[in-house]
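Below, read A as the first sequence line, B as the second, and so on, with proteins coming before strands; counting in each chain starts at 1. All figures in this text were calculated on a predicted structure; none of them were measured in a lab.
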Number of protein chains: 2
Amino acid sequence: MRRDSRLSGVLHILLHMARQDGPTTSEEMAKAMDTNPVVIRRLMAGLRDHGYVRSERGHGGGWTLVCDLSTVTLRDIYTALGCPSLLAIGNRTEAPGCLVEAAVNSVLDESFRDAESLLLSRLGEVTLAMLSADVRRRLAARGRSRRGEKGTRRPT
Amino acid sequence: MRRDSRLSGVLHILLHMARQDGPTTSEEMAKAMDTNPVVIRRLMAGLRDHGYVRSERGHGGGWTLVCDLSTVTLRDIYTALGCPSLLAIGNRTEAPGCLVEAAVNSVLDESFRDAESLLLSRLGEVTLAMLSADVRRRLAARGRSRRGEKGTRRPT
DNA sequence: GCCTCATGTAACTAATGATGTTATATGATG
DNA sequence: CATCATATAACATCATTAGTTACATGAGGC
């Protein structure tokens, strides 16, 4: 099954925004992520509704971060995306009439719940600020390893 | 995203087989699961290749359990199905050139790995025998609660 | 031997959901 | 008022699971 990459994508966007002063347009983001501006706007809509970013139209418009990165977790972002389902596998039927199937559902559901809980709590432990700091670390590391080399790339 | 229910389905099948003496035909299973015999055969193919069940053609043919239920775990069954992906979400790109995306991937991958590991180990803790015992318990419980009532249903 | 039953498998259809694209409306700025 | 940028609907695309049809293969029963 193909995997939903909206969380990954929206985090990518937010971190790029964090490294920029003014507003960023959907056009610019789309270019950096090699996709379409409409896709960006769709991703950002939920974040705007939750007050994590602001959008402005017209000249000099675009998207701006309006939250404290140190208090927003990846789980918050996931929630803002509408809590898409985390697991790719599930039970054939909910509330089956068949007792055999009920027994299967029971044991599988328990495992599913545990895995989902763990993932959610992991996401809840990481703030956007922590992620942003990690990006800075990585940039610094690359700067060191490339010092003196030609053609150091800037992040896309 | 729609969830892959093959594990759930195949467990349902196996437990029905465990409650039956002779071989069970795909036709019968399909009827019990309200689906098509071909779907059943597709599900069972992997289990046969792993030696958990045997299939026989012709008169009196069908599917038979040929493993020790107490040594086969749900994880083994999952593996026999070809290890379908467990998570519905994932990273936009593997091995991105962009450092920002690399940072996102890194933190998300870690969480994904943890959740997958937990789910797999949970599945590894449950044997088919345990599940089968649970089915018996449930049947007994229903038998008690329905004693004297009319129209007690048999499992489908 | 031949008929029937059952699996084995390929090929096609349907349904679902993420992603990409086009088109049009709305609003802000100079 | 022309331009820029978001807002959103509508539609196309793609991947994947599930369901269906069709035909081949092999095992008994008679």
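Glu27(B) places its CD atom 14 Å from the C1' atom of dT4(C), with the value rounded to the nearest Å. Counting to the nearest Å, the C1' atom of dT19(C) and the CG atom of Leu81(A) are 14 Å from each other.
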Check: Is there a side-chain contact (heavy atoms from CB on, under 4.5 Å) between Leu128(B) and Thr71(B) once you walk through the steps?
Finding: CA-CA 8 Å; Leu128(B) 293 180; Thr71(B) 66; over 6 Å; no
Check: side chain to side chain donor-acceptor pair (under 3.5 Å) between Ser106(B) and Arg138(A): does it pass, once the steps are laid out?
Finding: CA-CA 11 Å; Ser106(B) 172; Arg138(A) 285 165 187 264; 3.1 Å; yes
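Using a 4.5 Å heavy-atom threshold, the side chains of Asp76(B) and Thr127(B) count as separate. At least one side-chain heavy atom of Met17(B) sits less than 4.5 Å from a side-chain heavy atom of Met29(B).
Checked against side chain to side chain donor-acceptor pair (under 3.5 Å), Thr64(A) has no partners two or more places apart in sequence or in another chain. Residues satisfying the salt bridge (charged side-chain N to carboxylate O under 4.0 Å, His left out) test with Arg137(B), not counting sequence neighbours, are Asp134(B). Qualifying side chain to side chain contact (heavy atoms under 4.5 Å, CB included) partners for Arg75(A), counting only residues two or more places apart in sequence or in other chains: Thr73(A), Thr79(A), Leu120(A), Leu123(A). Residues satisfying the side chain to side chain contact (heavy atoms under 4.5 Å, CB included) test with Ser117(B), not counting sequence neighbours, are none. In this view, His50(A) and Tyr52(A), Ala80(A) satisfy the side chain to side chain contact (heavy atoms under 4.5 Å, CB included) rule, not counting sequence neighbours. Applying the side chain to side chain contact (heavy atoms under 4.5 Å, CB included) test to Asp49(A) and every residue at least two apart in sequence or in another chain returns nothing.
A nucleotide of DNA chain D counts as in contact with chain B when one of its atoms lies under 4.0 Å from a heavy atom; the first and last such, 5' to 3', are dT17(D) to dG28(D).
Put simply, Val38(A) and Val10(A) are part of two different groups of oily side chains (I, L, V, M, F, W, Y) that touch within less than 4.5 Å, one to the next.
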Just distance, no hydrogens or angles: give the donor-acceptor pairs under 3.5 Å from side chains in residues 39-48 of chain B, sequence neighbours left out.
unit_1, atom_1, unit_2, atom_2, d
Arg41(B), NE, Ser26(B), OG, 3.4

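Of the residues in residues 36-48 of chain B, those lying under 4.0 Å from DNA chain C by heavy-atom distance are Val38(B), Arg41(B), Arg42(B), Arg48(B).
Listed by chain and number, the hydrophobic cluster partners of Leu118(A) are Leu118(B), where partners are ILVMFWY side chains within reach of under 4.5 Å, directly or through others.
Taking side-chain N and O atoms only, Ser55(B) has no distance below 4.0 Å to OP1 or OP2 of dT7(C).
Between Trp63(B) and Ser5(A), the residue whose closest nucleotide on DNA chain C is further toward the 5' end is Trp63(B).
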Below 3.5 Å between N/O atoms, which protein atoms pair up with nucleotides 13-17 of chain C? Just atom names and distances, please.
unit_1, atom_1, unit_2, atom_2, d
dT16(C), O4', Arg2(B), NH1, 3.1

At a cut-off of 3.5 Å, list every protein nitrogen or oxygen paired with a nitrogen or oxygen from nucleotides 27-30 of chain C, distance to 0.1 Å.
unit_1, atom_1, unit_2, atom_2, d
dG27(C), N2, Gly58(A), N, 3.0

